[in-house]
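Reading through the structure tokens given below for one structure.
These figures come from a predicted structure and were not determined experimentally. The first residue of the sequence shown is numbered 1, and numbering continues consecutively from there.
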Amino acid sequence: MKRIIIAYPIKNTAEQFKTLLEENGYYVSHICATGASVLRIAGSLREGIVICASLLRDMSAATLSENLSPDFDIIAITKGETEYYSDGIISLCLPIDISDLLSAVSVLQSSSGSFSRRDSSEREIIDNAKAVLMNMKNLTEQEAHSYLQQQSMITRKNLLDVAGEVILEFKQIGD
């Protein structure tokens, strides 16, 4: 089972996330306030999930993602749609929808290796699916990515499979 690390600059908020997760059957192994602490802890683990603020005391979630092992996934809690990440980070906006958080953790816990980090061919499929959604549903890139993430969590399928289904659906409509 993947270890969960919560990194949040406000200790009380981190404790609230821990309580919420543990009440729903998840084990939180560490709480910390800085990216450096996450990197130190993650260095001794094979894989894991980091739930963090989009901006920690010493680095952003994006910087943390770049420095973590590829077998770690990040759920970044953001203040709004303007803070958006794609590769290696699942973004959830404040105020947090608890069911979205629990769904994301569930999907990440059940996946082997990293769920959100992709190689270039996988990124291309996801980018194509976003382009389809942007064209067909008149969405922004951020909205299209959020749509794919939500469908992934709802269906409990990985993001790549959902993206492939979107592309296939578009081809069938076009034929």
Side-chain angles (χ1 to χ4, degrees), residues 1-78 83-94 96-123 125-126 145-164:
M1 180 174 286
K2 294 180 182 177
R3 300 278 179 98
I4 298 174
I5 302 168
I6 297 175
Y8 223 82
I10 303 167
K11 186 175 182 175
N12 186 40
T13 303
E15 291 288 345
Q16 289 173 342
F17 278 120
K18 178 181 179 181
T19 299
L20 171 69
L21 291 168
E22 289 184 344
E23 285 175 351
N24 285 278
Y26 298 103
Y27 171 69
V28 176
S29 64
H30 299 85
I31 292 180
C32 52
T34 65
S37 295
V38 171
L39 294 172
R40 182 182 45 75
I41 294 163
S44 65
L45 303 175
R46 189 173 60 85
E47 62 183 2
I49 301 167
V50 177
I51 300 172
C52 65
S54 60
L55 187 59
L56 297 168
R57 292 180 181 167
D58 57 349
M59 67 182 73
S60 68
T63 302
L64 180 61
S65 176
E66 292 168 6
N67 289 286
L68 272 174
S69 157
D71 293 320
F72 280 81
D73 287 295
I74 295 178
I75 299 173
I77 310 302
T78 67
E83 299 179 75
Y84 172 75
Y85 310 102
S86 58
D87 192 36
I89 300 177
I90 295 173
S91 179
L92 296 177
C93 296
L94 290 173
I96 293 291
D97 181 322
I98 294 171
S99 63
D100 284 349
L101 175 63
L102 294 175
S103 292
V105 171
S106 175
V107 167
L108 297 177
Q109 277 286 14
S110 64
S111 67
S112 60
S114 174
F115 178 82
S116 57
R117 294 181 193 243
R118 308 279 173 213
D119 65 28
S120 61
S121 65
E122 293 172 327
R123 275 195 299 274
I125 292 168
I126 292 167
H145 190 79
S146 293
Y147 176 86
L148 291 172
Q149 283 182 334
Q150 288 174 338
Q151 290 305 306
S152 173
M153 288 185 283
I154 289 167
T155 62
R156 294 188 181 264
K157 294 179 181 177
N158 71 43
L159 192 69
L160 188 62
D161 289 343
V162 171

Would you name the heavy atoms of [X] and [Y] that are closest together and state the gap between them?
X     : Y      : result
Phe72 : Ala42  : CZ-CB, 3.6 Å
Cys52 : Leu64  : SG-CD2, 4.3 Å
Asp58 : Gly35  : OD1-N, 2.7 Å
Ile75 : Ala104 : CD1-CB, 3.9 Å
Ala7  : Leu56  : O-CD2, 3.4 Å
Ile41 : Cys32  : CD1-SG, 4.3 Å

Side chain of [X], backbone of [Y]: donor and acceptor closer than 3.5 Å?
X     : Y      : value
Arg57 : Pro9   : yes
Ser65 : Ala61  : no
Lys2  : Leu108 : yes
Thr19 : Glu15  : yes
Asn67 : Thr63  : yes
Ser60 : Leu55  : no

Inset, instruction - Could you walk me through whether Val105 and Asn24 pass side-chain contact (heavy atoms from CB on, under 4.5 Å), step by step? - result: CA-CA 11 Å; Val105 171; Asn24 285 278; over 6 Å; no

Can you measure from [atom1] ([X]) to [atom2] ([Y]) and round to the nearest 0.5 angstrom?
X      : Y      : atom1 : atom2 : value
Ser54  : Ile74  : OG    : CD1   : 11.5 Å
Leu39  : Leu68  : CG    : CG    : 5.5 Å
Lys18  : Ile51  : NZ    : CD1   : 12.5 Å
Phe17  : Ile96  : CZ    : CD1   : 5.0 Å
Leu102 : Gln109 : CG    : CD    : 11.5 Å
Leu101 : Ser106 : CG    : OG    : 11.0 Å

Inset, instruction - State which residues pass side-chain hydrogen bond (donor to acceptor under 3.5 Å, both in side chains) with Thr34; sequence neighbours excluded, sorted by chain then number. - result: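 Here the qualifying residues are Ser37.
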
Inset, instruction - Flag the pair Ile77 / Leu94 as yes when at least one side-chain heavy-atom distance between them is below 4.5 Å, and no otherwise. - result: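 Yes. Closest side-chain heavy atoms under 4.5 Å.
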
Legend entry - Partners meeting ring-ring contact (aromatic ring centres under 6.0 Å, His included) with Tyr147 (sequence neighbours left out):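 Tyr147 satisfies ring-ring contact (aromatic ring centres under 6.0 Å, His included) with no other residue.
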
